[in-house]
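Hydrogens, waters and symmetry mates are skipped; everything else that's a heavy atom, side chains included, is used.
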Amino acid sequence: MSVDTSVIVDPDTYLTGVPHEVFADLRSDSAVGWMDEPAIDSWPAGPGFWGVVRHAEVKEVMRNPTVYSSYLGATQITDPPDAATLAFVRQMMLNQDPPEHARLRKLLTRAFTPRAIARLEEKIDGWARGLVEDVAARGECDFATDIAADLPLLTLAELFGVPSVDRWLMFDWSNRVIGYQDHEYALSSHAQEDGSTEMARRALALRPRPDADGRLPDQRTRGGMPDLYAYAHELGEYKRRNPGEDIMSNLMREVGDGDDEAGGRVSVGEFENLFWLFSVAGNETLRNALPGGMFALLSNMDQYRRLRADRTLLSTAVDEMLRWWSPVMRFRRTATVDTELGGIRIRAGDKVVVWFSSANRDERAFADPHRFDVARATNDHLSFGHGPHYCIGAHLAKVQMRALFTALLDVLGEVEPAGDPVRLRSNFQNGIKHLPIRWTR
């Protein structure tokens, strides 16, 4: 590629927004191109990787795990620092290939019973409206922290049977994992001990302390998050003794030694890693999609007013928010064999990174892709991935987005910016930490 790709990898770039003009230049040149891997903060420089920036080629990578593996080098650009860390992250469903990935996904899908999901959806509308009504009289708020942050936490707490007073633990855990490139999130704790359960207080006592420079250990390792794993283990044991109708209880019924050849059991370690996946990934993606959708509306007031006047557009509007904002910007795979992608030869062992934030603006897949259109009918966006790793919580995420924006339109009407947004420093999650808004109703 003739374009300087360093801005794509630099997390500082995203403090002012996704570099869509750079991605457009890259797409015009080639579907796939080599990108350098410079040192970032304490992470050393790497060998570089193939960046996939067009929609069709991103889908090709995502649907073909036999050629593009999640397991070989895991799914982040930076290689795990040692063999032990790689072995640990490979236990997570996110970093697995078939057949192990398919086995865990089947068990997880089985835990998502129609009754459990239906019961949850009935509550989401009430939570969403309550969050908006709680700020209505103030005339202004921080949409990201006062409204958007709590809905996924309430939903996840209900999903897993986590006591609602402990839901801020999940807020803290996701900050530490997803925000490791962001100094505000990496250096501070957002967990609230007051009012939490005894189980939460025991977990918080294990939270790692910052080093002399004020930084926490690598939060993407088990050793970096002993509090999360202690909480998962204790909650799981409680659910084993006191099962309910939540997903956690359903999963605990599947826990065994993990050696069932028929794939009917999940090991304790796998169970704890599934808790990690939903507590972090299940929270953070939606937490960034909600303020991202609000930012999209505020940046396109004609579309905001169009949606307010015609609520039948809400479903297409939510998909358009996900496409236009793209909460998860990229994932890595590793080539298992010599292959060819977009006319480029790729060798076994090469890193291959798909950029959803680029694919979702690909001119070959979307008409007028930079336009935010709440009525866009054809919208094959990749914000929930594609293929075997398509997000298992996609439906539930859309339910929450529709519920929250319905409540906002009903209760607040038209809002406007009350200050500049503060973006997350990350080349992985497209996040907004603060989004001040105000209204006159």
Under 3.5 Å, which donor-acceptor pairs link side chains of residues 382-393 to any protein atom two or more places apart or in another chain?
residue	atom	partner	partner atom	Å
S383	OG	L322	O	2.6
S383	OG	N360	ND2	3.0
H389	ND1	H101	NE2	3.3
H389	NE2	Q96	O	2.9

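- The ring pair (Phe, Tyr, Trp, His ring centres under 6.0 Å) check on F428 picks up F331, with sequence neighbours excluded.
- The closest side-chain donor-acceptor pair between N95 and S70, if any, does not fall under 3.5 angstrom.
- With a 4.5 Å cut-off on side-chain heavy atoms, S357 and N430 do not count as touching.
- Side chains of D319 and T316: no donor on one and acceptor on the other come within 3.5 Å.
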- Passes side chain to side chain donor-acceptor pair (under 3.5 Å), N64 versus T66? Steps please. CA-CA 6 Å; N64 196 347; T66 60; 2.8 Å; yes
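- Side chain of N427 to main chain of V9: a donor-acceptor pair is present (N/O by atom type, distance under 3.5 Å, no hydrogens or angles).
- In this structure a side-chain-to-backbone donor-acceptor pair under 3.5 Å is missing from R305 to E414.
- Between the side chain of N283 and the main chain of S174, no donor-acceptor pair closer than 3.5 Å is present.
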- So W355 and V52, side chain to side chain contact (heavy atoms under 4.5 Å, CB included) or not? Walk me through it. CA-CA 6 Å; W355 290 93; V52 187; 5.8 Å; no
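- The nearest pair of heavy atoms linking S326 to F356 is OG-O, 3.9 Å.
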- Message: Would R167 and D172 count as a salt bridge (Lys or Arg N to Asp or Glu O under 4.0 Å) here? Give the steps.
- Response: CA-CA 9 Å; R167 67 186 184 274; D172 177 55; over 6 Å; no
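- A cation-pi arrangement, defined by a distance under 6.0 Å to the six-membered ring centre and an angle within 45 degrees of its axis, is present between R423 and F295.
- In this structure, R402 contributes its side chain and S315 its backbone to no donor-acceptor pair below 3.5 Å.
- In this structure F49 satisfies the ring pair (Phe, Tyr, Trp, His ring centres under 6.0 Å) test with no other residue, sequence neighbours excluded.
- Distance alone, capped at 3.5 Å, places no donor-acceptor pair between the Y14 side chain and the G431 backbone.
- Side-chain contact check for V415 versus Y304: some heavy-atom pair is nearer than 4.5 Å.
- A 4.5 Å side-chain heavy-atom check between R138 and D146 finds at least one atom pair inside the cut-off.
- Under the rule for a ring pair (Phe, Tyr, Trp, His ring centres under 6.0 Å), Y71 has no partner lying at least two apart in sequence or in another chain.
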- Task: Begin from the C-alpha positions of S299 and W324 and carry the test side chain to side chain contact (heavy atoms under 4.5 Å, CB included) through to its verdict.
- Result: CA-CA 11 Å; S299 302; W324 193 84; 4.3 Å; yes
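- Atom CD1 of residue I8 and atom CD1 of residue I77 lie 10.0 Å apart, to the nearest 0.5 angstrom.
- Within a 6.0 Å sphere centred on CD of E140, heavy atoms belonging to other residues, nucleotides or ligands number 12 at most.
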- Message: Pair L120, L396 - check side chain to side chain contact (heavy atoms under 4.5 Å, CB included), show working.
- Response: CA-CA 9 Å; L120 189 58; L396 204 54; 3.6 Å; yes
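- Residues meeting the side chain to side chain donor-acceptor pair (under 3.5 Å) test with R27, sequence neighbours left out: S358, E363.
- Residues that satisfy the salt bridge (Lys or Arg N to Asp or Glu O under 4.0 Å) test with R54, not counting sequence neighbours, are absent from this structure.
- In this structure, F23 and H20 have tilted ring planes: the angle between them lies in the 30° to 60° band.
- Remark: the backbone N or O of L404 is not paired with any side-chain donor or acceptor of R129 at under 3.5 angstrom.
- Counting all heavy atoms, side chain and backbone alike, A397 lies closest to L286 at O-CD1, 3.8 Å.
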- Audit row: T155, L151, side chain to side chain contact (heavy atoms under 4.5 Å, CB included) steps and yes/no: CA-CA 6 Å; T155 302; L151 184 59; 4.2 Å; yes
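- Other residues, nucleotides and ligands contribute only 12 or fewer heavy atoms inside 6.0 Å of the CG atom of D420.
- No side-chain donor-acceptor contact under 3.5 Å links W50 to the backbone of D350.
- No side-chain donor-acceptor contact under 3.5 Å links D10 to the backbone of S6.
- Side-chain contact between W34 and T5 is absent, with no heavy-atom pair separated by less than 4.5 Å.
- No more than 12 heavy-atom neighbours from other residues, nucleotides or ligands sit within 6.0 angstrom of CZ on R347.
- Put simply, CZ on F372 and CD on E320 are 5.5 Å apart, with the number rounded to the nearest 0.5 Å.
- Annotation: side chain of K351 is in contact with side chain of E37 (closest heavy-atom distance under 4.5 Å).
- Residue E21 places its CD atom among 12 or fewer non-hydrogen atoms of other residues, nucleotides or ligands, all under 6.0 Å distant.
- Looking at every heavy atom in both residues, S164 comes nearest to A157 through CA-CB, 4.5 Å.
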- Should R332 and D79 be marked as a salt bridge (Lys or Arg N to Asp or Glu O under 4.0 Å) after you check the CA-CA gap, both sets of side-chain angles, and the distance that decides it? CA-CA 10 Å; R332 169 199 169 172; D79 292 317; 2.8 Å; yes
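- How far OG1 of T145 is from CD1 of I432: 12.0 Å, rounded to the nearest 0.5 Å.
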- Query: Which is it for F366 and H55 under the ring pair (Phe, Tyr, Trp, His ring centres under 6.0 Å) test, yes or no, and what are the steps along the way?
  - Reply: CA-CA 9 Å; F366 304 98; H55 188 273; 5.4 Å; yes
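- Residues P208 and R176 meet the side-chain proximity criterion, which asks for heavy atoms closer than 4.5 Å.
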- Test salt bridge (Lys or Arg N to Asp or Glu O under 4.0 Å) applied to R311 and D410, step by step: CA-CA 10 Å; R311 302 297 180 80; D410 284 349; 2.7 Å; yes
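- Considering all non-hydrogen atoms of both residues, E340 and Y68 come closest at O-OH, 4.1 Å.
- Residues R333 and L72 form no side-chain contact, since every pair of their non-hydrogen atoms from C-beta on lies 4.5 Å or further apart.
- D380 and T378 are not linked by any side-chain donor-acceptor pair at a separation below 3.5 angstrom, with hydrogens and angles left out of the test.
- Side-chain N or O atoms of T336 include one that pairs as donor or acceptor with a backbone N or O of V67 at under 3.5 Å.
- Between the side chain of R323 and the backbone N or O of P369 there is at least one donor-acceptor pair closer than 3.5 Å.
- Atom-to-atom distance recorded for L235:CG and S279:OG is 9.0 Å, nearest 0.5 angstrom.
- The line from CD1 of I346 to OG1 of T334 is 11.0 Å long, rounded to the nearest 0.5 Å.
- Taking 4.0 Å as the cut-off between side-chain N and carboxylate O, R345 and D338 do not count as a salt-bridged pair.
- Residues D373 and R306 are in side-chain contact: their nearest non-hydrogen atoms beyond the backbone lie under 4.5 Å apart.
- Going from atom CD of Q429 over to atom CD of E284 covers 5.0 Å, rounded to the nearest 0.5 Å.
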